[in-house]
Amino acid sequence: MILDYQNGSEDCAVFSNLFSKEPYPKTLDKYMDYLKSISITLPKQMIDAVLRDAFRRSEDCEVTHSISSNDGSYTRFESIDYAIL
């Protein structure tokens, strides 16, 4: 999970699982605790989508979750990268 600034203009992510000693935990609890500590609440649709991707063992795709600062609406963008062998 990478938490970035909305405009993407910063050089470094606010948070990334790769900064952690245990970068691939088995649950979202660690991420949810961190987000709560910095007063960020995620939409239920976003959490459900992440859990669904984990269940499907989604690989080779990039998913961007976005929350509009105007009306709080949630959007999920997915791009799938296929390796050519």
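- Counting only residues at least two apart or in different chains, side-chain hydrogen bond (donor to acceptor under 3.5 Å, both in side chains) contacts with residues 38-51 comprise Lys44-Asp48.
- For the atom pair CD1 of Ile67 and OG1 of Thr75, the computed distance is 9.5 Å after rounding to the nearest 0.5 Å.
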Atom pairs and distances, side-chain donor-acceptor, residues 23-33, under 3.5 Å, sequence neighbours left out:
| from | atom 1 | to | atom 2 | distance (Å) |
| --- | --- | --- | --- | --- |
| Thr27 | OG1 | Asp29 | N | 3.3 |
| Thr27 | OG1 | Asp29 | OD2 | 3.4 |
| Lys30 | NZ | Ser20 | OG | 2.1 |
| Lys30 | NZ | Glu22 | O | 3.2 |
| Tyr31 | OH | Pro23 | O | 3.4 |

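- By the rule that hydrophobic residues join a cluster once side-chain heavy atoms approach within less than 4.5 Å of another member, Ile47 and Phe77 end up as members of separate clusters.
- Residue pairs meeting the salt bridge (Lys or Arg N to Asp or Glu O under 4.0 Å) criterion with at least one member in residues 63-75: none, sequence neighbours excluded.
- Under the 4.5 Å side-chain criterion, counting only non-hydrogen atoms from C-beta, Tyr74 is not in contact with Ser66.
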